[in-house]
Amino acid sequence: MRYFLISGMVLLLMACGSYPKKNNFQKVEKATMDIINPYFSDRARDYVYKAKITFADKSFGGLFVVKKLDEDQYRVVFTTEMGNKLMDFSFEGNTFKVNYILEEMDKKILIDLLRKDFYVLIRERSTVIHQYAKQGDTTLLETRAGKGTYFYYLYDNKLQKVIGAGNGKEKTIYDFLEIDGYLAKEIDIIHKRIKLSIHLKAI
């Protein structure tokens, strides 16, 4: 009986372990005050990607366009390749507005998920709460957005990945791939607990 109690306590402690600890990161004295995400930061540029969004058993393909209008102000539009609008969102600071969304996509759960996902993509600066490191040139920075906790992976001081986590487990993965200067030519967003994935490829 005692063996089972001890085993149960060990399993419970393991399950409650933090995301950094589970991934062999050690907490270090915080040196970085802000995270800089440069991939949608140029006001002079229209960021255009070929996109595929899969939600449950439906897939939507088209063009994904991000435009930085001002400091902390962005427009995110998803259209068909023929130019018909599927969704049109505005972000200004912590304010979010749905300008348009296709009736077939007009589901509260989907809009809430897309709002969070796109906010992670476009948020240029985030305040670091804790900093972690492990062998090599990998730095892990912890931040918060709303009620969510996010971990930013930096390799050689370049942002490569963001993990949305809860209860020490990965909930959402944001991968920045084929990085060329301040442009991520491919971006993958994968939700672990919900059937939602987004693939973006720069054109």
Side-chain angles (χ1 to χ4, degrees), residues 9-42 47 49 51 53 64 66 68 71-72 74 76 91 93-94 96 112-202:
M9 287 175 69
V10 169
L11 287 171
L12 183 63
L13 287 170
M14 286 175 67
C16 294
S18 70
Y19 177 82
K21 190 172 183 180
K22 284 183 175 181
N23 289 275
N24 301 314
F25 280 92
Q26 300 296 319
K27 194 173 181 180
V28 297
E29 186 177 342
K30 190 170 70 172
T32 305
M33 297 307 294
D34 283 319
I35 299 162
I36 306 296
N37 174 1
Y39 300 132
F40 295 96
S41 62
D42 187 351
Y47 294 90
Y49 289 81
I53 298 177
F64 179 81
V66 177
K68 182 176 181 179
E71 205 63 37
D72 286 335
Y74 296 83
V76 176
F91 293 83
N94 293 320
F96 168 74
D112 285 346
L113 289 167
L114 293 174
R115 174 181 57 80
K116 290 176 187 174
D117 286 345
F118 297 158
Y119 184 66
V120 171
L121 289 189
I122 64 176
R123 187 168 59 151
E124 193 174 341
R125 287 182 178 272
S126 305
T127 301
V128 176
I129 299 168
H130 299 296
Q131 183 168 334
Y132 308 86
K134 67 178 175 182
Q135 238 177 359
D137 295 319
T138 306
T139 301
L140 187 68
L141 303 175
E142 181 179 350
T143 186
R144 299 264 163 80
K147 296 179 180 178
T149 300
Y150 295 89
F151 294 94
Y152 285 65
Y153 278 80
L154 276 65
Y155 300 99
D156 294 326
N157 292 318
K158 288 185 179 178
L159 177 61
Q160 303 261 334
K161 180 164 62 173
V162 179
I163 299 293
N167 298 321
K169 296 179 181 178
E170 293 181 349
K171 292 170 65 178
T172 314
I173 301 169
Y174 306 82
D175 264 325
F176 300 96
L177 308 165
E178 291 192 38
I179 295 166
D180 181 11
Y182 294 144
L183 176 68
K185 292 185 176 179
E186 287 197 38
I187 301 171
D188 280 321
I189 303 173
I190 300 165
H191 288 257
K192 289 294 194 79
R193 301 177 186 178
I194 297 167
K195 290 184 177 179
L196 172 63
S197 64
I198 300 170
H199 177 72
L200 306 175
K201 188 175 179 63

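Quick caveat: nothing in here was measured; it's all calculated off a predicted structure. No hydrogens, no waters, no symmetry mates; every other heavy atom, side chains included, goes into these values.
Nearest heavy-atom pair, Tyr47 versus Ser41, reported as atom, atom and distance to 0.1 Å: OH-N, 3.4 Å. Listed here is the closest heavy atom pair of Gly166 and Lys171: N-CD, 3.5 Å. Tyr74 approaches Ile122 most closely through the heavy-atom pair OH-O, 3.2 Å. Nearest heavy atoms, Lys116 versus Tyr150: CB-OH, 4.5 Å. Closest heavy-atom contact between Tyr153 and Phe25: CE2-CZ, 3.7 Å. Of all non-hydrogen atoms in Arg123 and Ala145, the two that sit nearest each other are NH1-CB, 3.6 Å.
Scored by the ring-ring contact (aromatic ring centres under 6.0 Å, His included) test, Tyr39 finds Phe176 as partners (sequence neighbours excluded).
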Go through the steps to decide whether Ile163 and Ile173 satisfy the test side-chain contact (heavy atoms from CB on, under 4.5 Å), and finish with yes or no.
CA-CA 5 Å; Ile163 299 293; Ile173 301 169; 3.8 Å; yes
Take Phe64 and Phe118, measure what ring pair (Phe, Tyr, Trp, His ring centres under 6.0 Å) needs, and give me the verdict at the end.
CA-CA 11 Å; Phe64 179 81; Phe118 297 158; 5.1 Å; yes
Stepwise, does the side-chain contact (heavy atoms from CB on, under 4.5 Å) test hold for Lys192 with Thr172?
CA-CA 6 Å; Lys192 289 294 194 79; Thr172 314; over 6 Å; no
Show, in sequence, the C-alpha distance, side-chain angles and deciding distance for Asp34 and Thr127, and conclude whether the side-chain contact (heavy atoms from CB on, under 4.5 Å) test is met.
CA-CA 5 Å; Asp34 283 319; Thr127 301; 3.6 Å; yes
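Taking the six-membered ring for Trp and the full ring otherwise, Tyr19 and Tyr132 have centroids separated by 6.0 Å or more.
Taking CG from Leu154 and CD1 from Ile36, the interatomic distance works out to 10.0 Å, rounded to the nearest 0.5 Å. Considering CD1 of Ile35 and CD of Glu142, their distance stands at 9.5 Å, rounded to 0.5 Å. For the atom pair NZ of Lys185 and NZ of Lys201, the computed distance is 8.5 Å after rounding to the nearest 0.5 Å. Here NZ of Lys68 is found 14.5 Å from CZ of Phe91. Values are rounded to the nearest 0.5 Å. The distance from the NZ atom of Lys22 to the CD atom of Glu170 is 10.0 Å, given to the nearest 0.5 Å. Distance NE2/His130 to CZ/Arg144: 6.5 Å, rounded to 0.5 Å.
A donor-acceptor contact shorter than 3.5 Å is absent between the side chain of Lys21 and the backbone of Gly168. Of the possible polar contacts, none joining the Tyr155 side chain to the Gln160 backbone as a donor-acceptor pair under 3.5 Å is found.
When each of Leu113, Leu114, Leu196, Leu121 is paired with Ile189, the side chain to side chain contact (heavy atoms under 4.5 Å, CB included) condition holds for Leu121 and for no other. Just one of Asn37, Asp117, Ile187, Leu159 meets the side chain to side chain contact (heavy atoms under 4.5 Å, CB included) condition when paired with Tyr174; it is Asp117.
More than 12 heavy atoms of other shown residues, nucleotides or ligands fall within 6.0 angstrom of atom NZ in Lys134.
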